[in-house]
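One structure is given here, and the rest of the page talks about it.
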Amino acid sequence: MARLIDSDHHASLKDYERIAHLSNDVRDLRDEAEMLLPKLQGRRVWMVNSTAHGGGVAELLPPLITLLRELGVDANWLVMESDEDEFFRLTKQIHNLIHGAGDPDLSNGAHALYEKVSHSVAARLAEFVKPNDVLVIHDPQPLGAGALLRERMDLTAIWRCHIGLDEETPETIAAWDFLEQWAVKYDHTVFTAPEYIPRCLAGRASIIHPSIDPLSHKNRDLPVHKLAGILANGGLITATGPTLTPPFEERAQRLQRSGEWAPATEPEDLGLLFRPIVTQVSRWDRLKGWVPLMQGFVKMKEALKTNTLSEEERLPLDLARLVLAGPDPESVTDDPEGLEALQEVMDTYLSLDPDLQDAIAVISLPMTSPVNNALLVNALQRCSDIVVQNSVREGFGLTVTEAMWKRAAIVGSQAAGLRQQIRPDLDGRLVKDAHDTDDIARTLTELLLDQEHRDAFGLSAQQRVHNEFLVFAHVRNWLRVLTETLD
Ligand code: UDP
């Protein structure tokens with residue numbers, strides 16, 4: 001029902017300090033921690049969420065907890081577990097409702113089920129959490145359990161909600177009606193944007209942006225030969241890759257000249273690297289807009305039949321491939337809809353003509369080794385010319401921050417979180433709507449034909465992530481919220 005996780009995060013503040021462009025960030029963080037730490041002395045902090053791997057929260061907790069510990073905070077990580085599939089179906093329904101989607105009917109025993117599982121999770125958490133501790137509960141799954149502990153014990157409890165929508169709909173109202181009785185028991189709450197705070201928590205919430213860790217396996221630099229090795233080992237580059245065509249051959253030569261590229265295989269094995277790649281990496285969730293993205297890409301390819309560009313001009317469009325990658329849904333326990341969502345993507349893919357299928361790869365990434373999975377995501381994002389996040393709803397897409405850090409040109413939807421991350425025409429492009437397949441096709445076409453803009457977007461995006469969305473700002477913000485809540 002709850003399991004203590006040893007964060008498998010190995011970078012320390014000294015490692016970041018050694019990197020020239022990060023050393024100032026570490027110094028600022030140390031300075032602030034020195035001021036705030038006395039208030040946290042003797043208080044144990046427990047972060048609780050519902051999965052150790054897969055999804056944004058599991059991604060951002062290890063560096064956050066490791067750096068808090070290194071600065072002197074007794075921070076720990078607990079994962080709640082439940083073998084009640086129905087419970088995770090219910091919390092997934094609530095997750096979708098907070099995003100304004102899905103069936104708002106939460107009767108039919110939903111309250112009783114949520115309460116029952118919350119009681120048993122609370123009992124298990126109570127084996128770890130003691131009076132005077134600080135409990136930080138992430139998202140709706142363990143919300144009830146945390147509220148029950150707060151009632152029973154003299155501790156400080158903070159609820160961190162990572163999801164949200166910037167409007168009120170019948171769906172969001174149903175979700176907040178359901179969660180309110182639990183959420184109001186907390187001493188404080190944290191959201192990603194002011195617009196996401198529900199009425200019932202107005203005046204009791206702080207804002208923290210999620211962050212990424214520049215030294216994690218997911219985000220660290222990869223020299224091109226390592227990148228190719230990771231893709232090859234992961235089975236993502238095959239010997240049947242297409243022969244190099246002039247512009248891409250040039251790119252290969254440029255890399256070889258710069259010493260960045262030491263090919264372990266024949267150049268034609270690296271076909272994937274030398275065709276323009278458009279990628280989306282996400283969980284298999286309908287709200288990630290997989291199917292309309294594929295349809296938009298197909299429209300872009302189909303428009304080539306009637307387009308008037310010369311053969312050379314249109315080459316990037318002819319060669320472009322779409323890579324859709326997500327975690328093997330069998331191994332993600334808190335997301336019961338993953339398999340169905342992947343099936344829908346596959347059904348769309350299988351309905352396409354063979355030449356279109358050749359231009360699209362749907363990849364279910366193995367999760368057996370989290371490190372290998374992270375390296376594969378890293379390599380895929382790095383070899384992409386464009387990274388898309390076509391979410392119908394998104395509180396804040398870590399995948400976008402990850403790709404921005406790697407200087408990919410980003411195409412996002414109008415989902416509320418993405419609008420906060422991507423400054424249109426500065427860091428990337430926003431399509432009109434995640435379902436607007438014409439606009440997706442148009443935007444991809446324009447960007448694939450415009451390397452200059454792609455480069456400029458990538459540069460600006462990386463700078464923005466450095467300034468606002470790296471782990472240092474995240475740790476600083478948590479130190480502030482923890483100490484302010486204890487005041
Ligand atoms: N992710 C991963 N492996 C995959 C697919 C996704 O590690 O096969 C990661 C991805 O890199 C990102 C996180 O899962 O760090 C997804 O977070 P995001 O905020 O984009 O979406 P969420 O899953 O929280 O809705």
Side-chain angles (χ1 to χ4, degrees), residues 2 46-51 55-57 78-80 82 84 86-122 125 135-152 155-208 210 285 287 334-337 393-396 416-417 481 485:
W46 297 96
M47 299 263 172
V48 184
N49 79 317
S50 65
T51 180
V57 182
L78 285 167
V79 168
M80 72 159 274
S82 172
E84 295 254 14
E86 275 312 300
F87 174 78
F88 285 123
R89 282 215 168 265
L90 169 62
T91 53
K92 180 73 194 194
Q93 184 186 358
I94 294 170
H95 173 109
N96 290 341
L97 289 173
I98 294 179
H99 280 311
D103 176 7
D105 181 5
L106 286 169
S107 52
N108 236 347
H111 282 278
L113 172 65
Y114 190 81
E115 194 165 339
K116 184 184 92 178
V117 175
S118 295
H119 272 283
S120 51
V121 173
L125 289 179
L135 191 59
V136 181
I137 296 284
H138 293 260
D139 280 343
Q141 298 94 333
L143 171 74
L148 289 168
L149 278 188
R150 175 71 185 85
E151 269 179 343
R152 270 183 231 160
L155 47 75
T156 302
I158 300 173
W159 183 45
R160 198 316 179 202
C161 182
H162 293 267
I163 37 188
L165 186 66
D166 57 349
E167 57 182 303
E168 211 173 51
T169 70
E171 290 81 10
T172 64
I173 291 171
W176 291 117
D177 279 351
F178 188 95
L179 296 177
E180 177 174 352
Q181 58 163 314
W182 306 101
V184 294
K185 302 224 164 76
Y186 282 73
D187 298 284
H188 196 57
T189 60
V190 176
F191 285 80
T192 299
E195 299 86 338
Y196 298 172
I197 303 168
R199 275 168 210 254
C200 59
L201 297 173
R204 314 176 46 183
S206 299
I207 303 306
I208 295 185
D285 182 325
L287 292 181
D334 69 338
D335 191 355
E337 288 174 11
R393 299 278 195 251
E394 192 69 72
F396 191 97
V481 166
T485 311

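By convention here, the first residue in the shown sequence is residue 1.
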Notebook entry, point to check: Which pair of heavy atoms, one from Leu106 and one from Leu90, lies closest together, and at what distance?
Noted result: CD2-CD1, 3.7 Å

Checklist line | OG1 on Thr172 to CD1 on Ile94, rounded to 0.5 Å | finding: 13.5 Å

Next item on the list: Locate the shortest heavy-atom distance separating Leu97 from Ala174; write the atom from each residue and the value.
Entry: CD1-CB, 4.5 Å

Item checked: Shortest non-hydrogen contact from Ala2 toward Leu125 -> CB-CD2, 3.8 Å

Checklist line | Verdict with supporting geometry, Ile98 and Trp176, side chain to side chain contact (heavy atoms under 4.5 Å, CB included) | finding: CA-CA 7 Å; Ile98 294 179; Trp176 291 117; 4.0 Å; yes

Margin query: Quick check against the 3.5 Å criterion: does Gln93 have a side-chain atom that pairs as donor or acceptor with the backbone of Asp105?
Written below: yes

Item checked: Cys161 SG to Leu179 CG distance, which is reported to the nearest 0.5 Å -> 8.0 Å

Check: If only atom types and distance count, is the side chain of Arg150 paired as donor or acceptor with the main-chain N or O of Asp187 below 3.5 Å?
Finding: no

Next item on the list: Report the C-alpha distance between His138 and Val136 in whole Å, list the side-chain angles of each, state the deciding distance to 0.1 Å, and finish with yes or no for side chain to side chain contact (heavy atoms under 4.5 Å, CB included).
Entry: CA-CA 7 Å; His138 293 260; Val136 181; 3.7 Å; yes

Note to self: Restricting to non-hydrogen atoms, name the atom on Pro194 and the atom on Ile207 that form the minimum distance, rounded to 0.1 Å.
What the structure shows: N-CD1, 3.4 Å

Check: For the side-chain contact (heavy atoms from CB on, under 4.5 Å) test, which of Asp285, Leu287, Thr169 pairs with His99?
Finding: Leu287

Notebook entry, point to check: Among pairs that include at least one residue of residues 156-168, which meet salt bridge (charged side-chain N to carboxylate O under 4.0 Å, His left out), considering only residues two or more places apart or in two chains?
Noted result: Asp166-Arg419, Glu168-Arg199

Note to self: I need the Cys200 SG to Gln181 CD distance, nearest 0.5 Å.
What the structure shows: 11.0 Å

Notebook entry, point to check: Got a sec: does the CG of Asp103 have more than 12 other heavy atoms crowding it under 6.0 Å?
Noted result: yes

Checklist line | Phe191 and Trp159 aromatic ring geometry - parallel, tilted or perpendicular at 30°/60° bounds | finding: perpendicular

Notebook entry, point to check: Does some side-chain heavy atom of Leu148 sit less than 4.5 Å from a side-chain heavy atom of Trp182?
Noted result: yes

Item checked: CZ-CD distance between Arg393 and Glu171, expressed to the nearest 0.5 angstrom -> 8.0 Å

N/O donor to acceptor pairs below 3.5 angstrom from side-chain atoms of residues 109-117, sequence neighbours left out:
unit_1	atom_1	unit_2	atom_2	d
Tyr114	OH	Pro140	O	2.6
Tyr114	OH	Gly144	N	3.0
Lys116	NZ	Glu84	OE2	2.7

Checklist line | Whether Tyr186 side chain and Leu143 backbone form a donor-acceptor pair below 3.5 Å | finding: yes

Note to self: Using side chain to side chain contact (heavy atoms under 4.5 Å, CB included), reason through Val48 and Val79 one step at a time and then give a plain yes or no.
What the structure shows: CA-CA 6 Å; Val48 184; Val79 168; over 6 Å; no

Next item on the list: Provide the closest heavy-atom pair for Gly417 versus Tyr196 in the form atom of the first, atom of the second, distance.
Entry: N-OH, 3.1 Å

Notebook entry, point to check: Given Ile163 and Asp139, is the side chain to side chain contact (heavy atoms under 4.5 Å, CB included) satisfied, shown in steps?
Noted result: CA-CA 8 Å; Ile163 37 188; Asp139 280 343; 4.2 Å; yes

Item checked: Which atom of Phe87 lies closest to which atom of Gln141, heavy atoms considered -> CZ-O, 3.4 Å

